[in-house]
Structures are given as C-alpha cells and as structure tokens.
Amino acid sequence: MRTPLIAGNWKMNTTVSEATKLVLDMQGELDGVEGVEKVLCPPFVSLSAVEAIVRGSSVKLGAQNMHFEEKGAYTGEISPSMLRQMCQFVILGHSERRMYFGETDEIVNRKVKAALAGGLRPILCIGERLEDNEAGRTEEVLRRQVTGDFQGIDRADVSHGSERCDDAGRDLVIAYEPVWAIGTGKAASGKEAVATVRFVRNVLAELWGVDTTRGVRILYGGSVTTANIAEFISDPEIDGALVGGASLKADDFVGIVRQTAEIKGSAR
Ligand code: PEP
C-alpha cells in the first residue's frame, strides 16, 4: 500500500516572514493528520525558517529545484547536499522550469540522478502542453519525458539502493501535471487523470518491472482545490496531489490534506 502524499508548491511566493506566518497557520493542523505524507515546498530563502517550525513534526520539506552538481562555480545555484540538511524531497522538472528556464529532459535526468544519489526524493513533474493534448499527443509526450528523465536510472536507484521488495520504488514520486491545468483553474477531469496516470505507471513498468513500479507514488497536479481533490484521490491509481495556488491558503491546504486522509483511509 502506497502512503498518500500531498505536496504544496509555494513557487515564487512569500517573503521569509510571510512563509513563517503561513507555516505557523497550518503546521498544527497538518501535524494532526495521519496517514498522509505532507510536504511543504517554500522558496529556498525560507527553507531554514520553515524547517525550524516543522522540525520534530510529521510535516516534511521539499525544495522547488536543485542543481545537479555538488559544488563549484555555479553562481546562484543550490546543490543536493545543501538541501539534504533541511529537505527530504525536491521538485524537479516542473513545467515552469522547462518552459521559462530551458530545462530539457537531459538536464532533468541529471538532476534526478543527483537527487537520488544525494539522498533526496525527487517529485518529478511531467505533463503535456495544451497543443499536444489537443493533437492527441499526450501519451507520446509523457513517454518521451519518462524515458528521457529516467535514462540510465535503474530500479535499485529508486528503491533505497536495494532490490528489497518492501522498498521498491519508494524513493520516487511523479507528479502528472498537464501544463494547461496549472494555475488556470481548469483542472483535468478525474477520469482523464486516472487514465493518464495508469499509462505513466505502465511506462514505468516497462523500465523497471511491475514490482518496483507498484511502489512509486504518482500524484495529480493542476488547479487542485478543496472542491475537486476528491475526484482525483478517490481512485487508487492516484496517490495524492501537487498543489500550487491552494497551498498558499492555510485552510485550503489543510482541507485538501484532511480529505485525502479521509478518502484514502476509508479505502484501506
Ligand atoms: C503546480 O505548481 O505544480 C500547480 C499544480 O499549480 P496550481 O495548483 O496552482 O495549478
């Protein structure tokens, strides 16, 4: 059984004091919810302040990006070992990084390798643009992203470096985020999301086999709110959500986490 996961991507929002207030507003409630892994991804400059507040609780931290090199002359960049002291997760390959910062599958692949080698769990984002969706190319795009982003990564790499089956696939989270649904208020339907996530899991199974793939958590992302989260997580195929806009409102994010605990908990 995969543990459901809800991650909040705060993107380039909140100053350090705003981030501190936001986490203080949700921390107690989040910590009280069991059966769901809760991950906050504030901007780099707020990681330390947020970490000091969530330390010792069940709330985990993720970064929104990372460089693939460990150190050196890469002005402005942040390495896996810098993050490892504070974060358990790192979002990689977000469509905004691919779109605005020129991240290719080759770059994302280097980052995924570096995160896994550095003890961070990647939340790898994949998703098709509107024109690909409308032209019926969704599966083609996702297959290309999955095979490119995981090039040279084998099943042991996503399973705590071991082949033990209770660990299989656990180090990896994938977020299926159709680009046309991100920040637009126009989410995919639950049915569409489930079918696409099933396709992604089948592609993973071709790479690593069914057992490993069974442990990989696949989230949906794109305009998730308290009003539509149930549609996605009611199906066992979808293991949670990557939430942007709604993660900036404490009540909304807590509501999404609570609904996930209720729905997934009652399915056990
Ligand atoms: C995201 O940033 O990954 C995201 C899904 O954003 P939103 O929930 O605002 O669509």
Side-chain angles (χ1 to χ4, degrees), residues 4-14 18-19 22-23 26 30 36-44 46-47 50 60-66 87 89-101 103 105 108 111-112 115 120-130 132-133 138 141-142 145-146 149 172-190 192-194 196-197 200 217-233 238-260:
L5 188 152
I6 301 289
N9 175 14
W10 295 2
K11 310 196 189 194
M12 197 174 73
N13 294 296
T14 68
E18 287 164 348
L22 183 56
V23 69
M26 56 171 89
L30 288 180
V36 177
E37 205 158 20
K38 299 141 290 196
V39 183
L40 301 178
C41 305
F44 285 132
S46 295
L47 278 173
V50 173
K60 297 183 175 147
L61 277 198
Q64 298 176 17
N65 180 33
M66 185 197 83
C87 300
F89 292 87
V90 58
I91 297 173
L92 296 176
H94 193 282
S95 60
E96 289 151 14
R97 304 267 346 146
R98 295 180 193 256
M99 229 170 0
Y100 305 134
F101 302 98
E103 287 196 13
D105 285 322
V108 174
K111 292 187 176 195
V112 173
L120 289 160
R121 295 179 165 187
I123 301 176
L124 173 73
C125 300
I126 56 173
E128 81 286 3
R129 293 170 307 170
L130 184 61
D132 292 320
N133 182 284
T138 299
V141 169
L142 294 178
Q145 289 177 338
V146 168
D149 298 348
L172 183 66
V173 180
I174 293 179
Y176 166 56
E177 300 206 305
V179 178
W180 47 270
I182 296 180
T184 59
K186 187 180 172 296
S189 70
E192 277 173 287
V194 166
T196 310
V197 164
V200 171
R217 285 173 290 180
I218 308 185
L219 317 179
Y220 167 77
S223 297
V224 168
T225 63
T226 50
N228 64 17
I229 180 69
E231 221 187 301
F232 302 108
I233 43 118
I238 299 185
D239 301 307
L242 178 56
V243 184
S247 70
L248 292 168
K249 294 182 204 118
D251 288 350
D252 288 1
F253 191 65
V254 170
I256 289 169
V257 169
R258 281 228 176 93
Q259 283 192 53
T260 304

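Ligands are counted one by one from 1 in listed order, and the atoms in each one are counted from 1 as well.
Comparing G183, G221, G244, G245 by heavy-atom distance to atom 10 (O) of ligand 1, the nearest is G183.
Given atom 3 (O) of ligand 1, the protein heavy atom at minimum distance is E177 OE2, 2.7 Å. Of all protein heavy atoms, the one closest to atom 1 (C) of ligand 1 is H94 NE2, 3.3 Å.
For ligand 1, the polar-atom distance check against E96 finds no nitrogen or oxygen pair separated by under 3.5 Å. Here's the thing with T184: none of its N/O atoms is less than 3.5 angstrom from an N/O atom of ligand 1.
Under the salt bridge (Lys or Arg N to Asp or Glu O under 4.0 Å) criterion, K38 pairs with no residue, sequence neighbours left out. For R217, the side chain to side chain donor-acceptor pair (under 3.5 Å) partners two or more places apart in sequence, or in a different chain, are E37.
Between I6 and F253, the closest side-chain pair of non-hydrogen atoms falls below 4.5 Å.
Heavy atoms of A181 approach ligand 1 to within less than 4.0 angstrom.
Within the listing of ligand 1, atoms 5 (C), 10 (O) sit less than 4.0 angstrom from a heavy atom of G222. Atom numbering of ligand 1 starts at 1 in the shown order; those under 4.0 Å from a heavy atom of L242 are 3 (O), 5 (C). For ligand 1, the atoms closer than 4.0 angstrom to any heavy atom of N9 are 1 (C), 2 (O), 3 (O).
For the atom pair S95 OG and E103 CD, the distance stands at 11.0 Å (nearest 0.5 Å).
A distance-only check finds no donor-acceptor pair linking the side chain of E128 to the backbone of L142 [under 3.5 Å].
Salt-bridge check for K111 with D149: failed, with every basic side-chain N at 4.0 Å or more from each acidic carboxylate O.
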